[in-house]
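Right, one structure below, let's go through it.
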Amino acid sequence: MKFVTLNAYLKREVSEPSLANLVDRIASACWQISATVRNAALAGNQGETVNVNPQGEVQKPIDLIADDIFRHSCLQNSDVGALISEEVQEVYHRTDAKEGDFVVAYDPLDGSSNIDVNLSVGSIFSISRFQDIQALLPAGRKIECAGYAIYGPSVMLVLTFGDKVDGFTLDVDAAEFVLTHPNMQISNDTIEFAINTSRERFWDDIVSAYVEDCIAGDDGPRRKSFNMRWTASMVADVHRLLCRGGVFLYPQDKENAGQGGKLRLLYEAQPMAFIVETAGGRASTGKARILDVPPQTPHQRTSVILGASDEIERLENAYAAGPVKA
Ligand code: AHM
Ligand code: MG
């Protein structure tokens, strides 16, 4: 079967050569990271380092290697003006960055707690434009391109420029990504949800009621039997819902409220929200559209509820109506 290569796709879809080049650089970074992930045990890159990232989480050697690969690949494009990485406290910016240069926000290795148990992990990114040094953090609505790579049974790159979402699979023999999943759409018709249920005691009434109704199955108010899946790798959980529908929740809860939630706005929530909305889904904090949340600090966290449009609207309506009555 003859597939369109990522290279041919970028030539066809992206009129600005430098933007096409940057996406190509990122694809190449993802490919290199996938090889590093595959060889982590053989190269002695499993386990932890003594370093912590800006969120106070212990970094794995592979987090640092992935960050290095991502950063160097992006910087091969001379129009990159700023980089915001989950693994680096400070935002990097070129001192001579000019308006219109690219700002790349990225999580080089999402779900890295899964590395040592050989489960899917990935990389997430967004591309927006540099305005000035005072307004370095990208607003969700200014994102021009977002994507993620998933390092699973096959390596995939899922990409959007805001009009459609296309999925590419790495053809290892041909050494290129090829278009295998054109125009990915999130179905509204779903019977699957993803949430870390070990946090149930921290949930607010709205999330508790939503999950309770799903679990009640055919006899409950939803009149259908739901399934639950949780990978603890956002890339894998979001990829699943892009492929077969569903809802993903990592809400702000009583335990993480002090820091605003668990997932980071700029390099986890925003890119995934842009992808999910473009695929026909919805992405919310419960109370606001994720892409409307104003970025204030590089590593700020947020509540994340995204996926099938009707399900997210149901949750938003419940938040708007206020706490569930006993
Ligand atoms: P990470 O970027 O440090 O890997 O953290 C983000 C990950 C997400 O991929 C995933 O949804 C979440 O953390 C899992 O958290 P938990 O361990 O609470 O289930
Ligand atoms: Mg992450």
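Order of listing sets the numbers, starting from 1, for every ligand and every atom in it.
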Taking NZ, NE, NH1 and NH2 as the nitrogens, is one of them in Lys98 or Asp96 under 4.0 Å from a carboxylate oxygen of the other? no
Near Asp107 (heavy-atom distance under 4.0 Å), the atoms of ligand 1 are 2 (O)
Taking the six-membered ring for Trp, are Tyr267 and His299 ring centroids under 6.0 Å apart? yes
Do Ser113 and ligand 1 have an N or O pair less than 3.5 Å apart? no
Using a strict cut-off of 4.0 Å, indicate which atoms of ligand 1 neighbour a heavy atom of Gly111. 1 (P), 4 (O), 9 (O)
Out of all atoms in ligand 1, which are within 4.0 Å of some heavy atom of Met234? Include the element for each. 8 (C), 9 (O), 10 (C), 11 (O)
Test log, rule side-chain hydrogen bond (donor to acceptor under 3.5 Å, both in side chains), inputs Asp189 and Ser187: CA-CA 5 Å; Asp189 189 21; Ser187 164; 5.3 Å; no
Looking only at heavy atoms, is any part of Arg199 under 4.0 Å from ligand 1, and if so is it the side chain, the backbone, or both, or is it neither? neither
Looking at Glu311 and Arg282, does any basic side-chain N land under 4.0 Å from a carboxylate oxygen? no
For Arg264, take its heavy atoms, then give the atoms of ligand 1 lying under 4.0 Å from any of them. 1 (P), 2 (O), 3 (O), 5 (O), 6 (C)
Non-hydrogen atom of Ala232 closer than 4.0 Å to ligand 1: yes
Could you identify the N, O or S atom of Glu268 positioned closest to the Mg ion (ligand 2)? OE2
With heavy atoms of Glu268 as the reference, note each atom of ligand 1 found under 4.0 Å away. 2 (O), 6 (C)
Considering the heavy atoms of Ser233, write down every atom of ligand 1 situated less than 4.0 Å from one of them. 9 (O)
Is a salt bridge present between Arg201 and Glu255, judged by a nitrogen-to-oxygen distance below 4.0 Å? no
Exercise: do Asn188 and Ser309 side chains pair donor with acceptor under 3.5 Å: no
May I ask you to list the atoms of ligand 1 that are less than 4.0 angstrom from any heavy atom of Glu86? 1 (P), 2 (O), 3 (O)
Distance filter under 4.0 Å to Ser112 heavy atoms, resulting ligand 1 atoms: 4 (O)
If you check every N/O/S atom of Asp107, which is the one nearest the Mg ion (ligand 2)? OD2
Lys60 bridged to Asp63 by N-O distance under 4.0 Å: no
Taking the six-membered ring of Phe102, is NZ or CZ of Arg129 closer than 6.0 Å to its centre and within 45° of its axis? no
Can a donor-acceptor pair be found between the side chains of Ser128 and Glu144 at a distance below 3.5 Å? no
Are Phe168 and Tyr9 an aromatic pair by the rule of ring centers under 6.0 Å? yes
So, of the N/O/S atoms that Asp110 has, which is the nearest one to the Mg ion (ligand 2)? OD1
What is the closest protein heavy atom to atom 7 (C) of ligand 1, and at what distance does it sit? Asp110 OD1, 4.0 Å
